[in-house]
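Below: the structure, in structure tokens.
Each chain gets a letter, A, B and so on, in the order the sequences are listed, and its residues count up from 1.
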Amino acid sequence: MSETFQLNKAAILELLAGDEELFVSMTQVFLEEADSYCEQLSAALGRRDLAVLRREAHTLKSLMASFADEPGRLLAQEIEQQAKQNREDDLPVLAEQSQRLVARVRLLCAALNKELANSA
Amino acid sequence: MDKVLIIDDSDINLALVRALVLKLGECEPVLFENPLQALEWCRDNLPDLVIVDYMMPEMDGLSFIKAFRALSGRELIPVLMVTANDQREVRYEALNGGANDFLNKPIDRVEFMARVRNMLALRTSQRYLADRALHLAGLVEEQTREIRQRERELIYRMSRAAEFRDPETGAHIQRMAHYSCLIARRLGFDVKLQQLILEAAPMHDVGKIGIPDFILLKPGKLTPEEFEVMKGHARLGYELLKDSASETMLAGAEIALTHHEKFDGSGYPRGLAGEDIPIFGRIVAVADVFDALTSERPYKRVWSLEDAALNLEEGRGKHFDPDCVDAFLGMWSEMIEIRQRFQDELPND
């Protein structure tokens, strides 16, 4: 079943003290970089490099928080904390969680693209 | 314009923080994705504020702060570390490692602006205090220079007061002081000590102020009793100068007391021998005797420089410290130059 996503623009703007201009430039940078973050997360998983996986999850955690996506932030935090344990046995779970996080990032990107198109 | 160094491996965070810093006005953001490159930049540049992320690939924020603080002159520059609220241990470690405050992730604009403004205000105060300290240090230096100048003038006038009552001339005082400085230089004394002996040596005979005229100015040979009184000038000079707060006066006191001591213990007033005689006294003994021998006086013949040098050689280990004799004779051409620079005035017709 596909996950639903609702962009909470009001919460994002609250963090930016209502600065629309800043929201647009931050969103544009995120949209440019999002693929690269997801690729690095998957690559770390492929190399079974839990230290890098933890760091990439940490980065995505802060990005998801910046865009007020609490479920995405929590998912990234779970991956970060689990990877910190440095247990190879956790790799299957981490792979499943990472897939969900990448899907979540894609949903966020789609919602942000739509938002930018609407406000243009 | 405050320079704000921002270090974060995430482009989006760099862009966000840069935009917020620019909104503060009067700030120049300097961005680095790589903390090692930022550290290199810090070796040659002085930021006014550092905003550093915690988790980065090459070097984490904690290590960066430690390395940054270890650079000279970067001990007090405000550092803000960007962390998440759930990283309590990291925060403690950062505080102990030299971070001044934190920024929470996700970055909240209002909080960010307030904390960054506070840190920049702190930096402004630091700069003001440093400028003020520098200004005050300059004033103190200027005042000290003036005091030292007055002290030098006082010493000169005091030495001249003794000279008025003594057949020795002002040029003798200048020459023997410069000879003393030459010896000190040859012995490897630092510049400060060379200057000290140059300024203090003129006071070697200041105690002659207290010697009665009939002895001090007696043209012929002194009786044993008169000579005993004459010897008192060493202690008189010491008594005159000994309680001064001035380093130069104290050195003058030591020289006055010890410049008639002899290396073999046969001098006065205390009969000290060898290295028990303070080094300034041993140096001045050589300089004073050499110049007295090679100067023309109504009551004695002038010695040639070679004869005077021979006298010093013969006095090695007896009257004089051998090292001081060697040092003086090793500066022969400089001695000649001093003799030419400070010549006795010809008597008026």
With a 4.5 Å limit on heavy-atom distance, are the side chains of A:K61 and B:M55 in contact?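 Answer no - side chains too far apart.
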Residue pair A:H58 / B:K105, side-chain heavy-atom distance below 4.5 Å: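 In short, these two side chains touch, coming nearer than 4.5 Å.
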If you check every heavy atom in residues 11-37 of chain B against those of chain A, which residues fall under 4.5 Å?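 From residues 11-37 of chain B, the residues near chain A are B:D11, B:I12, B:N13, B:A15, B:L16, B:A19, B:L20, B:K23.
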Chain A contact residues among residues 60-73 of chain B, heavy-atom distance under 4.5 Å: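 So no residue qualifies.
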For [X], look at atom [atom1] and say whether over 12 heavy atoms of other residues, nucleotides or ligands are found less than 6.0 Å away.
| X | atom1 | value |
| --- | --- | --- |
| B:E247 | CD | no |
| A:R47 | CZ | yes |
| A:E96 | CD | yes |
| B:E111 | CD | yes |
| A:E14 | CD | no |
| A:Q99 | CD | no |

Heavy atoms only, distances under 4.5 angstrom: which of A:T59, A:L63, A:V52 has the most pairs with chain B? Name it, please.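 The candidate making the most pairs under 4.5 Å is A:L63.
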Taking all non-hydrogen atoms of both residues, which atom of B:P106 and which atom of A:S62 are closest, and how far apart?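 Heavy atoms of B:P106 and A:S62 come nearest at CB-O, 4.4 Å.
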For chain A, the option from B:I107, B:D108, B:V110 that forms the most heavy-atom pairs under 4.5 Å: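 Heavy-atom pairs under 4.5 Å are most numerous for B:D108.
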For residues 110-117 of chain A, which side-chain donor-acceptor pairs fall under 3.5 Å, sequence neighbours excluded?
residue: A:N113; atom: ND2; partner: A:C109; partner atom: O; Å: 3.4
residue: A:E115; atom: OE2; partner: A:K9; partner atom: NZ; Å: 2.9

Non-hydrogen atoms of chain A under 4.5 Å away: do they reach the side chain of B:M113, the backbone, both or neither?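 No part of it gets close to chain A.
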Please output the residues of residues 19-26 of chain A in contact with chain B, using a heavy-atom cutoff of under 4.5 Å, in numerical order.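 Contacts with chain B: A:D19, A:E21, A:L22, A:M26.
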